[in-house]
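Numbered from 1 within each chain, the chains take letters A, B, ... in sequence-line order.
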Amino acid sequence: MSDRVRFAPSPTGFLHVGSARTALFNWLHARSTGGTYVLRIEDTDAERNRPEMTEGLLAELEWLGLTWDEGPFYQSQQKERHREVVQDLLDKELAYLCDADNEPVKGNQIKDGLAVRFRMPQGEIIEFEDVVRGTVSFATDDLEDFVIWRSNGTPMFLLANAVDDADMGITHAIRGEDLLSGVPKVILLLNAMGAEQPTYAHLPLLVNEQRKKLSKRRDDVSIADYRERGYLPEAMVNYLALLGWGPPDDVEIRPLEEIVELFAIEDVNKAAAFFDLKKLEFVNATHLRDLEKNDFIERAKPWIEGDATPWTSENFNQDRYLKMVDLVQEKLRTLSDLPRFVDFIFLEEPVEDPDSWNKAMVKAPFASEMLDGTFKALTDCEWNTETIKEAVTEVGESLGIKLGKAQAPIRVAITGRTVGPPLFEAIALCMDRQTVLDRIARARSRL
RNA sequence: GCCCCCAUCGUCUAGCGGCCUAGGACGCCUGCCUUUCACGCAGGUAACACGGGUUCAAAUCCCGUUGGGGGUGCCA
């Protein structure tokens, strides 16, 4: 029989990077073993459960390419089944009723206003084999009776989780280590139901710089935010796969299809992993660079066409943009970097970066001579990359400075920044002479 | 407090008793290239937490210590 795994998030309204990693590892296990990947929404907490909360979750999973084979199933729809199991446990006296003060109440019938607690056996050792952690064991003496049915008539997570996994024939429970200590209770529940227990695999937690579990409150954990900040889904899953697992051939940057071939849940390691934005940026930049040009253009559209662009749609020029793509694609770390690499060709005046101005103009004693000389040289030269480069080079040489330094004031005058695309190509291909001369003159007048 | 888990460069990892004077990647530093750079290339920095065992041999096995994390809800 083939493996059945599930990703079982609670509907918190967005997809967390830690959850995404769990989803990914489940998905990888299913795909690499020919198993089935089920999506189940654990929405037993009625107060927090609103249908729109799951929409974003599903959208982000699809964006990442982690599509499911079955589901989404909603745990809340199994309520009657859950009730049946709880009642059965009451009948067998493996559970008991209790009131709001946790005082036991006589009776063996589920009743509104009363919760149901599972009776923890004494003197037992619960032991299980975790695929990533090895043998793990708990003494029931350290565990307490726990609620399986709320007084408001809804099942608790442990109960619903155990019942649903059993009913759905889940063979492998792959999830975060934060759920490890709940396992003995689930095993007790499964035993009481006479159900088989799945194989467990507890993934190492994703942590922040303080080595604490990534949290919604203090850390950037929303997959949607990363999407909006210009990260590619293939980069996200690629990076996430590297947290807690490593490719046997040391090739880290690669497509998901290859990771599927190499992945094995047994190879996942135990230690918590720091979510390193720097490395994510590197992975993203690499995937961005590897994009075929048309694909890049397609993916970049939201950053080029929306209302949020620094230029107006009338000033945008598609032909010039397409020429710029060749010059900037390899330099970007995220797609959100794109606008500021190309904005100067579409704006009336370049955006002025104060640091750049200070560095290339104020602190460079030759800045005004460079601007004057270049203005003159560009007034009547031919308009192509080589002649423009030559002109700037010559002006620089006449002042005794190399091109690297000489181009800086020109770059800042025209683009507003010291960092940007190759300057002469951008000017020759995407700007007209008058605009360039105007910008040089304007910068000169401000020195 | 109690229970559970974890421990290789700053970070992510390779290593599963000898191939390890510990490999790769990110970051950082240096140099080269050069039209800036967030591109490329070549180098460099840097780790087996500590203490006991076991063994001819330990990063790899065992025990302890220390450190870190997680869990201990009528949240999931």
Open item on the list: Quick check for you: among B:rU36, B:rC26, B:rC74, whose closest atom lies nearest to any side-chain atom of A:Lys278?
Closed with: B:rC26
Task: Interatomic distance, A:Leu90 atom CG to A:Leu97 atom CG [nearest 0.5 angstrom] - done: 5.0 Å
Please list, for nucleotides 40-48 of chain B, all pairs of protein and nucleotide N/O atoms separated by less than 3.5 Å.
{"from": "B:rG40", "atom 1": "OP1", "to": "A:Arg289", "atom 2": "NH1", "distance (Å)": "3.1"}

- [ ] Please measure how far the P atom in B:rC50 lies from the corresponding atom in B:rU11, and state the result in whole Å.
- [x] 15 Å
TODO: Determine the contact category for A:Leu423: base if any of its heavy atoms lies under 4.0 Å from a base atom, sugar-phosphate if only primed atoms, P, OP1 or OP2 are that close, otherwise nothing.
DONE: base
Task: salt bridge (Lys or Arg N to Asp or Glu O under 4.0 Å) involving A:Glu209 - partner list, sequence neighbours excluded - done: none
Task: N or O in side chain of A:Lys213 less than 4.0 angstrom from B:rG71 OP1/OP2 - done: yes
TODO: Considering only atom C1', compute the distance from B:rU45 to B:rU30 and round it to an integer number of Å.
DONE: 10 Å
Open item on the list: What is the distance, to the nearest angstrom, from the CG atom on A:Asp250 to the P atom on B:rC26?
Closed with: 11 Å
Open item on the list: Show me the pairs that pass ring-ring contact (aromatic ring centres under 6.0 Å, His included) and involve residues 351-372 of chain A, at least two apart or across chains.
Closed with: none
Task: B:rA57 versus B:rU65 - spacing of their P atoms, nearest Å - done: 26 Å
- [ ] Write down the distance between CG (A:Leu158) and C1' (B:rC74), rounded to a whole number of angstrom.
- [x] 13 Å
Open item on the list: Just by distance, no angles: are the side chains of A:Asp145 and A:Tyr96 close enough, under 3.5 Å, to form a donor-acceptor pair?
Closed with: yes
Open item on the list: Looking at B:rU13, I'd like to know if its phosphate oxygens (OP1 or OP2) sit under 4.0 Å from a side-chain N or O belonging to A:Asn269.
Closed with: yes
Task: Within residues 325-344 of chain A, residues whose heavy atoms come under 4.0 Å of RNA chain B - done: A:Glu330, A:Lys331, A:Arg333, A:Arg340, A:Phe341
- [ ] Quickly work out the A:Gln210 CD to B:rG67 P distance and round it to whole Å.
- [x] 19 Å
Task: Span that lies between the P atom of B:rC39 and that of B:rC29, in whole angstrom - done: 13 Å
Task: Proximal nucleotide (of B:rC26, B:rA76, B:rC74) relative to the A:Arg117 side chain - done: B:rC74
Task: SB check A:Arg40 A:Asp165 (cutoff 4.0 Å) - done: yes
Open item on the list: What's A:Ala100 touching, base or sugar-phosphate or nothing? Going by heavy atoms closer than 4.0 Å.
Closed with: base
Without placing hydrogens or testing angles, list every side-chain donor-acceptor pair under 3.5 Å for residues 385-396 of chain A, not counting sequence neighbours.
{"from": "A:Thr387", "atom 1": "OG1", "to": "A:Glu382", "atom 2": "O", "distance (Å)": "2.6"}
{"from": "A:Thr387", "atom 1": "OG1", "to": "A:Asn384", "atom 2": "N", "distance (Å)": "3.2"}
{"from": "A:Thr387", "atom 1": "OG1", "to": "A:Asn384", "atom 2": "O", "distance (Å)": "3.0"}
{"from": "A:Thr387", "atom 1": "OG1", "to": "A:Asn384", "atom 2": "OD1", "distance (Å)": "3.1"}
{"from": "A:Thr393", "atom 1": "OG1", "to": "A:Lys389", "atom 2": "O", "distance (Å)": "2.6"}

Open item on the list: From the set B:rU11, B:rC37, B:rU35, return the single nucleotide nearest to any side-chain atom of A:Asp276.
Closed with: B:rU11
Task: Sugar-phosphate, base or nothing in reach of A:Glu252, heavy atoms under 4.0 Å - done: base
Task: Gap between atoms CG and P, on A:Leu242 and B:rG24 respectively (whole Å) - done: 16 Å
- [ ] May I ask you to say what A:Asp99 touches in the nucleic acid, namely base, sugar-phosphate or nothing, with a heavy-atom cut-off under 4.0 Å?
- [x] base
- [ ] Would you mind reading off the distance between A:Ile41 atom CD1 and B:rC75 atom C1', rounded to a whole angstrom?
- [x] 16 Å
Open item on the list: Rounded to the nearest 0.5 Å, what separates atom CH2 in A:Trp245 from atom CD1 in A:Ile265?
Closed with: 11.0 Å
TODO: Calculate the interatomic distance between A:Phe274 atom CZ and B:rG10 atom P; express it in whole Å.
DONE: 14 Å
Task: B:rU13 and B:rU54, which share atom name C1', separated by this distance in whole Å - done: 29 Å
TODO: Tell which nucleotide pairs with B:rA49, taking only Watson-Crick or G-U wobble pairs whose two distances are both under 3.5 angstrom.
DONE: B:rU65
Pairwise N/O distances under 3.5 Å, protein to nucleotides 3-6 of chain B:
{"from": "B:rC5", "atom 1": "O2'", "to": "A:Arg133", "atom 2": "NH1", "distance (Å)": "2.6"}
{"from": "B:rC5", "atom 1": "O2'", "to": "A:Glu177", "atom 2": "OE2", "distance (Å)": "3.4"}

Task: A:Arg81 and A:Glu84 ion-paired at < 4.0 Å - done: yes
TODO: Could you let me know what B:rU30 is paired to, Watson-Crick or G-U wobble, both distances under 3.5 Å, or none if it's on its own?
DONE: B:rA42
TODO: Measure the distance from NE2 on A:His82 to P on B:rA76 and round it to the nearest whole Å.
DONE: 11 Å
- [ ] Please state the C1' separation for the pair B:rG52 and B:rC9 - nearest whole angstrom.
- [x] 26 Å
Open item on the list: Taking A:Arg6 first and then A:Glu42, would you say they form a salt bridge - that is, a charged N and a carboxylate O separated by under 4.0 Å?
Closed with: no
Open item on the list: For A:Lys270, is there an ion pair with A:Glu177 - N to carboxylate O distance below 4.0 angstrom?
Closed with: no
- [ ] Measure from NZ or CZ of A:Arg229 to the centre of the six-membered ring of A:Tyr226, then state whether that distance is under 6.0 Å and the direction lies within 45° of the axis.
- [x] yes
Open item on the list: For the C1' atoms, the ones on B:rG53 and on B:rG70, what distance do you get once it is rounded to whole angstrom?
Closed with: 30 Å
Open item on the list: Reading RNA chain B from 5' onward, which residue's closest nucleotide shows up sooner: A:Phe157 or A:Glu144?
Closed with: A:Glu144
- [ ] Remember a base hit wins even if backbone is also touched, and classify A:Lys402 as base, sugar-phosphate or nothing at under 4.0 Å, heavy atoms.
- [x] nothing
Task: Spacing of A:Met156 atom CE relative to B:rU72 atom C1', expressed in whole Å - done: 13 Å
TODO: For A:Pro248, report the nucleic acid contact type (base, sugar-phosphate, nothing); a contact means any heavy atom under 4.0 Å.
DONE: nothing
Open item on the list: Within the 3.5 Å criterion, strictly below it, is a donor on A:Asn108 or A:Glu93 matched to an acceptor on the partner's side chain?
Closed with: no
- [ ] Quick one: label A:Glu425 by what it contacts on the DNA or RNA (base, sugar-phosphate, nothing), any heavy atom closer than 4.0 Å.
- [x] base
Task: Pair assignment for B:rC16, Watson-Crick or G-U wobble, requiring both distances under 3.5 Å - done: none
Task: Sugar-phosphate only, base, or nothing, as touched by A:Ala273 at under 4.0 Å among non-hydrogen atoms - done: sugar-phosphate
Task: 5' priority, RNA chain B, between A:Gly244 and A:Lys405 [closest heavy atom] - done: A:Gly244
Open item on the list: Nearest to the side chain of A:Lys279, heavy atoms from C-beta on, is which of B:rG69, B:rC26, B:rC74?
Closed with: B:rC26
Task: Rounded distance (nearest 0.5 Å) linking atom CE of A:Met156 with atom CG of A:Leu189 - done: 11.5 Å
Task: Polar contact flag, side-chain donor to acceptor under 3.5 angstrom, A:Thr334-A:Ser336 - done: yes
Task: Pair assignment for B:rU21, Watson-Crick or G-U wobble, requiring both distances under 3.5 Å - done: none
TODO: Please round to the nearest 0.5 Å and tell me the distance separating atom CZ of A:Phe25 and atom NE2 of A:His172.
DONE: 15.0 Å
Task: B:rG68 to B:rC32 separation - P atoms, rounded to the nearest Å - done: 45 Å
